[in-house]
Student: 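Could you have a look at this structure, given as structure tokens, before my questions?
Chain letters run A, B, ... following the sequence lines, proteins first, then strands; residues in each count from 1.
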There are 2 protein chains.
Amino acid sequence: MSDDWDNLRAVLHVVRAGSLGAAAQVLGVNYTTVSRRIAAAERSLGARLFDRRQSGYVPTAAGQEAARHAERMEAEEIAMRRALSGRDDRLAGPLTITASELLIAIHLCRVIDRFLTDHPQVELTVRSTNEVLDLTNHEADLAVRISADPGDTLVGRRLTGQHTASFASADLAARMAAEPARRIDWIGFTYWKSPPVASLKRYGNARIRLQFDDMNAVVGATQAGLGVARMPMFLGRATPGLVQVPMLPPQRYHDIWALSHRDLKDAAKVRAFRDALVQYFKENAAAFSA
Amino acid sequence: MSDDWDNLRAVLHVVRAGSLGAAAQVLGVNYTTVSRRIAAAERSLGARLFDRRQSGYVPTAAGQEAARHAERMEAEEIAMRRALSGRDDRLAGPLTITASELLIAIHLCRVIDRFLTDHPQVELTVRSTNEVLDLTNHEADLAVRISADPGDTLVGRRLTGQHTASFASADLAARMAAEPARRIDWIGFTYWKSPPVASLKRYGNARIRLQFDDMNAVVGATQAGLGVARMPMFLGRATPGLVQVPMLPPQRYHDIWALSHRDLKDAAKVRAFRDALVQYFKENAAAFSA
DNA sequence: TATGGATCATGCAAAAACGCATGTATGAGC
DNA sequence: GCTCATACATGCGTTTTTGCATGATCCATA
């Protein structure tokens, strides 16, 4: 019965990953080690957990049952780490934050700079991604999100309101001003069906010329003069070569929030970073609104 | 983040045991190993979990928090083992049963003998104790209990009803028959306040001469002629030198049950042992009732 | 039908974990 | 006040675990 729990962890990851090798990569060990862990777990539990196939390790019914329980053990481990982080009153050690790439690039990098200067002992990890990380699974301690919905176990602090508006390259803006009757080419974002409704009253002669699933691409295409794009004020203003154009009057958009798991909201490092955010957004509120 | 769960298990056991050495004994390793595990856990969790005192390792608030979570991980591990045992359809491998010492000694040993002959592959552990083992914690797969209450997560099968009656040594029985007016000396069991109520109507001249907290002692004292004792029929009849005496007419007593955790009730080995019990108690019902 | 890319199994050397022995400190009991 | 028992810290040799390299098998694909 000794040295068992880590074997169960291996079982969980092999079930998830589907093969020894893939699980080994996640666990950061050689796959032969995973193989031995699985064998040990089967010995200890007295049940065959996997069918060894050439395509990989396929869990038996018993293996799936074991993985279900191991998953709950993992959830409990994560909850433990969260709880311990949450009572950590040191301004030192690891801290992970996440935000969208654009928000980081344009604004948060300055908050981060300031924060690290003030708290040099903190080992900060920034997960700059457009994926929505799972704060419940402790993938990050704090997230800056453009969203109205903090969710169930999360607690939030509103940082600022913001507007979106229409932007175009300076060239294109000049051409459109010179030829008011000319058709407006919009650069769309995923799932757009038509140009922004609020723009159609005054600028009905419009179409979506092309569509992206990535905001960086939208920005690039707009800079290249391919069309008019709707984007947050802070993004349009900060992007070289773009000017605001009148097609879409500024629209209220989702507020920007700082979110944390309830367990983590009072951790010293989380609190300090949140305070830094609040101060920055207070000083720079003008950048986000019309 | 590798090799962590076993460290958390060490934390749990040190919190429980209060010292490295005691925890090491439970874990079956040297205490220096436990010491290193604790250090590793503290490193990984980034929190001090114990105060090192000369009197032992005293958990900090963080350590208690960690132990609470580790406790749930352990509960989940136990649930896993139960679930896997429950779906085990082999009549081989480990099986643990428990019952009171007397029941084992007098009757169950014969069931066990028969069972092991029929299923030689089963590695049977018999926990013959008067403690009530926790079947929810998987301390045993099956229990034979004298009790009406199967409990929440347990499922039971009634094996037989039974009676208690009064027994004495043959000598004392003869003397009492010869001198009907003589005072009856009862041998009491823990918490008895007076001789059995049902006996007082006809044998009011009675007292409790001495009292034991252990049924084996009661049996010995009765054999030695120290007095009359109330005991289950099966026990009085099976004890050499004792005869039933009329002071206490046979009384209905708690039924005898075979109990298992719900998860385990259909495991092949559990089912087979339960069947053996049912058959034995059917064949020997007369031994338990008046 | 041959080939490249997966997968898992196994033998062997390197690395890490482990247990033992020793030393120190504290508190209980005579 | 002394001894004894208990608890933790630490250094060192040994055992165990781990990673790597090789070999075998299967599948997809050209």
Side-chain angles (χ1 to χ4, degrees), chain A residues 1-64 66-67 70 73-74 77, chain B residues 1-64 66-67 70 73-74 77:
Chain A
M1 233 239 212
S2 60
D3 273 31
D4 256 359
W5 285 12
D6 282 325
N7 297 340
L8 302 181
R9 191 154 164 266
V11 170
L12 172 61
H13 282 282
V14 171
V15 170
R16 274 193 187 143
S19 75
L20 295 181
Q25 202 163 12
V26 176
L27 291 167
V29 295
N30 190 282
Y31 77 93
T32 55
T33 300
V34 179
S35 161
R36 289 184 274 246
R37 294 263 176 91
I38 299 299
E42 290 184 330
R43 218 176 311 121
S44 162
L45 296 173
R48 177 146 285 255
L49 301 176
F50 294 92
D51 287 337
R52 278 80 168 154
R53 304 257 183 84
Q54 299 69 16
S55 58
Y57 268 41
V58 179
T60 62
Q64 290 171 346
M73 292 177 74
E74 186 193 44
E77 184 215 353
Chain B
M1 229 230 221
S2 59
D3 274 30
D4 255 1
W5 284 12
D6 281 324
N7 297 340
L8 301 181
R9 190 155 164 266
V11 170
L12 172 60
H13 283 281
V14 172
V15 171
R16 274 193 188 143
S19 75
L20 294 182
Q25 201 163 12
V26 175
L27 291 167
V29 296
N30 189 283
Y31 79 92
T32 55
T33 299
V34 178
S35 161
R36 287 185 275 247
R37 293 266 175 89
I38 299 300
E42 290 185 330
R43 217 177 312 121
S44 162
L45 296 172
R48 176 148 283 258
L49 301 176
F50 295 92
D51 286 338
R52 278 80 167 154
R53 305 254 184 87
Q54 297 70 16
S55 59
Y57 268 41
V58 179
T60 62
Q64 290 171 347
M73 293 177 74
E74 185 192 45
E77 183 215 352

Student: Are side-chain heavy atoms of A/Y31 and A/S19 found at a separation under 4.5 Å?
Tutor: no
Student: Could you tell me the separation between the CD1 atom of B/I38 and the P atom of D/dA9, rounded to a whole number of Å?
Tutor: 11 Å
Student: What is the minimum heavy-atom distance between B/V11 and B/A41, and which atoms define it?
Tutor: CG2-CB, 3.7 Å
Student: Measure the spacing between CG of B/L45 and CG of B/N7 and express it to the nearest 0.5 Å.
Tutor: 9.0 Å
Student: Once each nucleotide of nucleotides 12-30 of chain D is scored for protein heavy atoms under 4.0 Å, what B/S/- sequence comes out, 5' to 3'?
Tutor: ------BBB-----S----
Student: With a sphere of 6.0 Å drawn around CZ of B/R53, does it hold more than 12 non-hydrogen atoms of other residues, nucleotides or ligands?
Tutor: no
Student: To the nearest 0.5 Å, how far apart are CD in A/Q25 and CG in A/L20?
Tutor: 13.0 Å
Student: For A/M73, does its backbone N or O pair with a side-chain atom of B/E77 as donor and acceptor, under 3.5 Å?
Tutor: no
Student: Using C1' atoms of five pairs at each end, report the bend of the helix from C/dT1-D/dA30 to C/dC30-D/dG1 rounded to 10 degrees.
Tutor: 30°
Student: Locate the shortest heavy-atom distance separating A/F50 from A/E42; write the atom from each residue and the value.
Tutor: N-OE2, 3.2 Å
Student: Using the heavy-atom set of chain A and a strict 4.0 Å cut-off, write down the first and last nucleotide of DNA chain C that makes it in, 5' to 3'.
Tutor: C/dT7 to C/dT10
Student: Donor-acceptor pair, distance only, cut-off 3.5 Å: does the side chain of B/D6 make one with the backbone of A/D4?
Tutor: yes
Student: What's the spacing between B/T33 OG1 and B/I38 CD1 if we round to 0.5 Å?
Tutor: 11.5 Å
Student: Could you give the distance from CZ (B/R16) to CD (B/E74), rounded to the nearest 0.5 Å?
Tutor: 4.0 Å
